[in-house]
Amino acid sequence: MDFLSTVKGSLLEGFYPAGWDLAKIDECCDKGVAREDFWNKDFQPIECENVYEFDTYMGHEIALKIKEAKERGEKLAMILPVGPMGMYRWAAYFLNEWNVKCDHVYTFNMDEWADSEGNTLPNDNPASFEYSMKQAFFDKLGENTVPPAQRNFATKDNLPTYPEKIAALKAEGAKLVLVFGIGRMCHIAFWEPQFAEDYATEAEWKSACYRIGAKLHPLTIEQNAITSFKSRTTLVPCSANTIGPGLFLQADYIIGGCDGALGRGMGWQGMSFLTTLHYGPDMNITSTYIPTLPGKLFYLKELAGPLVAECN
C-alpha cells in the first residue's frame, strides 16, 4: 500500500488542490533535471554544491543584470522575494565592488504578510518583508542603493498600482526581471495553487495581477514556520498580499532559487523543484510555468534527488 492509494477517503482528501495529479507529481520526482520539450530554449537550471555557492551565484546574477542595464542606459524593473535571502548580501557586494549606482532600478516586492483585509505589518516590524529587504539589501548598498521612491512594497494601497507602474517602465524600454523562490505548494510569490479554482479559463488565470489578503495553504504556513519563524506556527500569518501570474509571467528574464535543504538528509523543496521542471504548464500548479521563461534557476544539488525514504 502506498500514499496515493490511501488519500481517497482519508483526512487528506480535499487537502491537496483539486487540480493536482498526484501520480504525475510522483513521476516528476524521479526525473532529475533532464530537459523537457516545453522548456524555453534559454531556461537553464544551475546546480550548486552547497548554500555558499548558491548564495554567491544567485547574488552575482542579480548584480550582473543590474550592471548590464546600467551599461545600456536602461531602466530596470525587478520583482523581488523575501526568500531566498542569502543572495542579497552578495548582490550588494558585487554592485559595490563594481561601483554601480542603482538609480536606474525600480523594485517591486512580490508579497507581504497581511490580514484577510490586506492590512500589513508596520514596516519597522522585523517580520515584515519591507524591513527584511532594507536590512538584507537596500541598506547594504550604501550610497549605491535603490532610491526609496523607486522601491515598491505589497501594501493593500500600493500593490494595485504595480501593473500600471510596470507597464509604464516597459513602455520606456525597461526589462522586467523576476527573482523568486518556489514554495512547498509550488507557489510563486504567494500565488497558491488552489487559486486556480476561482478562474474559468487559463487565460483568465494568467491575466490576474494580484490578490489582497489572499488565504494561504496550510503547507505554506508550515513551510514558513520552519524557514522563518523557528517552528512557531502560531506566529505565521494565514494570509498575504501577493502578485499574480499577470505580472510574473511578463518577465523578460528570471533568476530563481531553490535552497530548501535542512541538513542531515532532510529537505522540503525537492518535490516542488522537480514538479516545477517536469509537470508541464498547468494553472493548478503555479510554478510549472517557470521553465517556459528565459533565465536561470539555481538549486542545491541534493534537491534533484533521488528523493527516497530514509530515517534521519
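Note that the coordinates shown come from a computational prediction; the quantities given were computed from them, not determined experimentally.
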In Å, rounded to the nearest 0.5 Å, how long is the span from CG of L247 to CD of Q250? 6.0 Å
Spacing of SG belonging to C258 relative to CD1 belonging to I46, to within rounding of 0.5 Å: 12.5 Å
ring-ring contact (aromatic ring centres under 6.0 Å, His included) against F180, all qualifying residues, sequence neighbours excluded: none
Please tell me whether N125 and S128 have a donor and an acceptor in their side chains that are separated by less than 3.5 angstrom. no
Please examine the side chains of V146 and Y106, heavy atoms only from C-beta on, and report whether any two atoms are closer than 4.5 Å. no
List the atom pairs, donor and acceptor, that lie under 3.5 Å between side-chain atoms in residues 185-192 and the rest of the protein, sequence neighbours left out.
| unit_1 | atom_1 | unit_2 | atom_2 | d |
| --- | --- | --- | --- | --- |
| H187 | ND1 | E192 | OE1 | 3.0 |
| H187 | NE2 | A189 | O | 3.3 |
| E192 | OE1 | T220 | OG1 | 3.1 |
| E192 | OE2 | H217 | N | 2.8 |
| E192 | OE2 | T220 | OG1 | 2.6 |

To the nearest 0.5 angstrom, please state how far the OH atom of Y199 sits from the CH2 atom of W205. 9.5 Å
Out of curiosity, L178 CG to I290 CD1, how far, rounded to the nearest 0.5 Å? 5.5 Å
Show your reasoning for whether side-chain contact (heavy atoms from CB on, under 4.5 Å) applies to T286 and F195. CA-CA 9 Å; T286 313; F195 296 169; over 6 Å; no
K134/D124 ion pair, N-O < 4.0 Å: no
Using salt bridge (Lys or Arg N to Asp or Glu O under 4.0 Å) as the criterion, list what pairs up with K24, not counting sequence neighbours. none
Between Q150 and H104 (side chain of the first, backbone of the second, donor and acceptor by atom type, cut-off under 3.5 Å), is there such a pair? no
Salt-bridged, E71 to K67, with N to O below 4.0 Å? yes
Which residues pass the ring-ring contact (aromatic ring centres under 6.0 Å, His included) test with H278, not counting sequence neighbours? none
Main-chain N/O of S272 paired to T275 side chain as donor or acceptor, under 3.5 Å: no
Under the rule for ring-ring contact (aromatic ring centres under 6.0 Å, His included), what residues qualify as partners of Y131, not counting sequence neighbours? none
Taking only residues at least two apart or on different chains, which pairs with a member in residues 151-178 satisfy ring-ring contact (aromatic ring centres under 6.0 Å, His included)? F108-Y162
Starting from L64, walk the hydrophobic network (Ile, Leu, Val, Met, Phe, Trp, Tyr; side-chain heavy atoms closer than 4.5 Å) and list everyone else you reach, by chain and number. none
E130 side, atom CD; T120 side, atom OG1 - distance, nearest 0.5 Å: 8.0 Å
E222: what forms a side chain to side chain donor-acceptor pair (under 3.5 Å) with it, not counting sequence neighbours? T233
Tell me, please, which residues at least two apart from R35 pass salt bridge (Lys or Arg N to Asp or Glu O under 4.0 Å). none
Is it true that a side-chain atom of Y289 and a backbone atom of M283 form a donor plus acceptor pair closer than 3.5 Å? yes
Okay, side chain of Q269, backbone of D259: is any donor-acceptor separation there less than 3.5 Å? yes
Report the C-alpha separation of W39 and T292 in whole Å, then their side-chain angles, then the decisive distance to 0.1 Å, and conclude whether the side-chain contact (heavy atoms from CB on, under 4.5 Å) test is met. CA-CA 5 Å; W39 289 11; T292 69; over 6 Å; no
T276/M271 under side-chain contact (heavy atoms from CB on, under 4.5 Å): CA gap, chis, key distance, verdict: CA-CA 8 Å; T276 297; M271 186 182 80; over 6 Å; no
Apply the test side-chain contact (heavy atoms from CB on, under 4.5 Å) to residues L216 and W113: give CA-CA distance (whole Å), side-chain angles for both, the deciding distance (0.1 Å), then the verdict. CA-CA 10 Å; L216 303 178; W113 298 120; 3.7 Å; yes
Would the distance check show the side chain of E74 and the main-chain N or O of K70 forming a donor-acceptor pair, the cut-off being under 3.5 Å? no
Relative to the ring of W90, is the ring of Y93 parallel (under 30°), tilted (30 to 60°) or perpendicular (over 60°)? perpendicular
Could you list the residues that satisfy ring-ring contact (aromatic ring centres under 6.0 Å, His included) with Y279, not counting sequence neighbours? none
Exercise answer: donor-acceptor pairs, residues 294-302 side-chain atoms, under 3.5 Å, sequence neighbours excluded:
| unit_1 | atom_1 | unit_2 | atom_2 | d |
| --- | --- | --- | --- | --- |
| K296 | NZ | E61 | OE1 | 3.3 |

Salt bridge (charged side-chain N to carboxylate O under 4.0 Å, His left out) partners of residues 80-102, not counting sequence neighbours, each pair once: none
In Å, rounded to the nearest 0.5 Å, how long is the span from CE of M85 to CE of M58? 11.0 Å
